[in-house]
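First listed ligand is number 1; within each ligand, the first listed atom is number 1.
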Amino acid sequence: MLAAFSYVGFQRENCTVGEDVEKLKQRLPLLDYLQQQSWTARPIAFGPEFVGLCPLHPETRPSFYVNACKNLFYCHGCGQGGDLIRFVQLSRHLSFRQSVAYLEQRSTVPTDSVAVLEQAAIFYQQQLERHPEALRYLQQRGLRDPAVIKELRIGYAPGGSLRRHLTVQGYSFDLLQRLGLLNPQGCDAFYRRVIFPCCQGGRIVNLYGRSIAAAFAHQFLPGSKGGLFAWESVRQFPTVILVEGLFDLVVLWQAGFRHTTCSLGTHLNAEQFQQLCGCPRTIYLTFDGDANGSGQQASQQLAQRLRAQGIITRHVILPDGHDPNSFFVQGGDARQFHSLLEAAQT
Ligand SMILES: [Zn+2]
């Protein structure tokens with residue numbers, strides 16, 4: 001869909017900042033940015049393309065396409081297209097330079113933010129102990145090992161209490177709102193959610209909140225989701241299991257498969273992809289065996305890209321309709337999962 005379209009705007013007008021802009025776009029991929037803006041889309045079969053309703057003009061039938069590899073969008077309805085910067089220019093009515101500045105601010109976590117996220121994570125960890133409904137939810141999802149809960153610093157956001165806790169500690173309302181911990185109304189953004197801190201280089205760069213009720217299933221703070229989950233402890237392994245979801249990861253860790261990492265979705269951002277390619281290794285792709293086959297399609301496509309970088313890949317085929325989490329929750333054990341790894345196809 002994007003083949004006929006090429007975007008050369010910013011190279012022409014801003015040669016000197018080109019390199020920084022490229023880095024910025026890698027750090028904050030277009031698809032991640034759109035999803036943070038609540039853009040919902042479906043993947044198009046066997047490709048890196050996604051389609052959804054255009055955020056730039058009113059429409060009822062989806063005509064807004066995003067190519068996650070090329071990091072470009074195009075809308076067949078309004079004819080607009082380009083990269084992340086172009087999208088921000090159009091959607092926020094900013095100049096090129098203003099858009100870059102806006103995105104720079106969004107994608108870099110200032111030092112005081114690191115401290116706030118750390119404090120928020122500690123607070124959420126304390127809340128987990130105090131809320132039986134959260135512990136019950138973890139049990140339902142098959143997570144029982146307190147050592148894994150502690151190591152991954154899993155917490156719980158009951159809602160309605162973080163703001164007071166952090167403002168008492170002296171953090172400004174502005175900062176909390178800018179980080180997305182408070183919503184525009186000034187209330188806690190995470191409400192009845194299990195919280196997983198996403199760390200990079202030993203510091204928290206984002207928080208992932210998984211609803212324990214029927215509300216929107218998951219939610220991040222604004223900004224990049226960062227690299228692969230728990231990568232610092234997994235990168236040492238020559239063989240790595242890659243899963244889609246954090247509840248897949250926790251049951252595998254619990255069953256002793258500590259060389260499991262998670263991409264938080266089937267689409268890997270540039271940073272996550274580069275981490276996998278960092279040294280020669282074998283990757284067991286263990287995406288969901290969902291009914292419409294989208295997990296397996298994403299898996300095939302990722303395998304192709306990894307193989308092009310000299311990485312060995314294997315597809316782990318789960319029983320129909322299962323993801324690693326449901327496999328363990330419904331009685332699967334480490335020995336059975338090990339057999340699935342052995343049977344994994346190239
Ligand atoms: Zn449009």
Is the distance between the ring centroids of [Y] and [X] under 6.0 Å?
X    : Y    : result
W39  : F50  : no
Y65  : F73  : no
Y137 : F247 : yes

Inspect the contact between K25 and E22 and indicate whether a charged nitrogen and a carboxylate oxygen are less than 4.0 angstrom apart.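 Salt bridge: yes.
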
Applying salt bridge (Lys or Arg N to Asp or Glu O under 4.0 Å), can you list everything that pairs with R153, at least two apart in sequence or on another chain?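 E118.
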
Taking 2.8 Å as the upper limit, name the protein N, O or S atoms near the Zn ion (ligand 1).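 Per the 2.8 Å query on the Zn ion (ligand 1), atoms found are C54 SG, H57 ND1, C75 SG, C78 SG.
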
Under 3.5 Å, is there a donor-acceptor pair between the Y102 and R92 side chains?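 Their side chains do contain a donor-acceptor pair, which is all the 3.5 Å distance test asks for.
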
